[in-house]
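Take a look at the structure set out below.
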Amino acid sequence: QVQLVESGGGLVQPGGSLKLSCEASGIMFRIYAMSWYRQAPGKQREFVATIGSDSATNYADSVKGRFTISRDNAKNTVYLQMNSLKPDDTAVYYCKNQLAYWGQGTQVTVSS
């Protein structure tokens, strides 16, 4: 049974930082690309970042230079370091693996 479990969300002030984690189980983690998506209230889910099995990365233009995706294959975990957060980054953040399994999401709220 494949499970993806996100953690690390919360409330942060504009300009602050958060680090999200997504731990996978039930899959051979290291051979699959992993991605982060987000969904703000009233909006469609959108792509944030992806990391390949070779650790190649790609980002949405809206987060380039502020967010960093990384992975630790020994821990079956993918991370999203988010810096210089803006109110527009407020959303539920989801991780997804290459096989299209999704986590349950973690809420990130950027507000003063």
Side-chain angles (χ1 to χ4, degrees):
Q1 181 182 356
V2 178
Q3 278 195 312
L4 302 176
V5 180
E6 300 98 334
S7 61
L11 173 64
V12 63
Q13 291 188 340
S17 297
L18 278 177
K19 187 173 185 177
L20 306 183
S21 301
C22 171
E23 184 175 0
S25 59
I27 58 171
M28 196 172 292
F29 178 81
R30 70 180 185 277
I31 69 173
Y32 294 112
M34 296 293 297
S35 302
W36 286 96
Y37 285 73
R38 65 186 181 186
Q39 188 166 18
K43 294 187 177 181
Q44 289 190 331
R45 194 170 296 189
E46 65 176 6
F47 167 77
V48 174
T50 192
I51 185 166
S53 58
D54 59 355
S55 294
T57 59
N58 192 31
Y59 298 90
D61 288 344
S62 59
V63 306
K64 273 181 186 175
R66 299 189 299 123
F67 291 11
T68 302
I69 189 171
S70 61
R71 65 190 299 159
D72 184 339
N73 290 337
K75 296 183 178 179
N76 285 1
T77 300
V78 61
Y79 303 98
L80 187 68
Q81 176 67 47
M82 304 185 296
N83 299 328
S84 302
L85 282 161
K86 307 173 182 179
D88 283 350
D89 295 318
T90 295
V92 178
Y93 283 72
Y94 300 89
C95 68
K96 171 182 170 284
N97 86 335
Q98 190 174 345
L99 299 177
Y101 288 97
W102 292 87
Q104 83 289 347
T106 186
Q107 176 71 48
V108 172
T109 302
V110 185
S111 174
S112 55

Original post:
Strictly by modelled atom types, are Y37 and R45 linked by a side-chain donor-acceptor pair under 3.5 Å?
Top reply: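 Side-chain D/A pair, Y37 to R45: absent.
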Subject >> Side-chain donor or acceptor of T77 paired with backbone N/O of K75 under 3.5 Å >> reply: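 Such a contact is found between T77 side chain and K75 backbone.
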Original post:
Donor-acceptor pair, T50 side chain versus M34 backbone, under 3.5 Å?
Top reply: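 Yes.
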Are [X] and [Y] packed together at the side-chain level, in the sense that at least one heavy-atom pair is separated by less than 4.5 angstrom?
| X | Y | value |
| --- | --- | --- |
| R66 | K86 | yes |
| V108 | D89 | no |
| Y94 | E6 | yes |
| I69 | Y79 | no |
| C95 | S35 | no |
| L11 | S111 | yes |

**OP:** Determine, for Y101 and K96, whether the Lys NZ or Arg CZ falls below 6.0 Å from the six-membered ring centre while staying within 45 degrees of the axis.
**Re:**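 No, a cation-pi geometry is absent between K96 and Y101.
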Subject >> R71 to Y32 six-membered ring, cation-pi geometry met (6.0 Å, 45°) >> reply: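 Not flagged: R71 not positioned over aromatic ring of Y32.
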Do you know which two heavy atoms are closest between [X] and [Y], and how far apart they sit?
| X | Y | answer |
| --- | --- | --- |
| L4 | Q104 | O-OE1, 3.4 Å |
| W36 | L80 | NE1-CB, 3.6 Å |
| D72 | F29 | O-CE2, 4.0 Å |

Original post:
Does a salt bridge link K64 with D61, judged by any charged N lying under 4.0 Å from a carboxylate O?
Top reply: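 Yes, K64 and D61 are salt-bridged.
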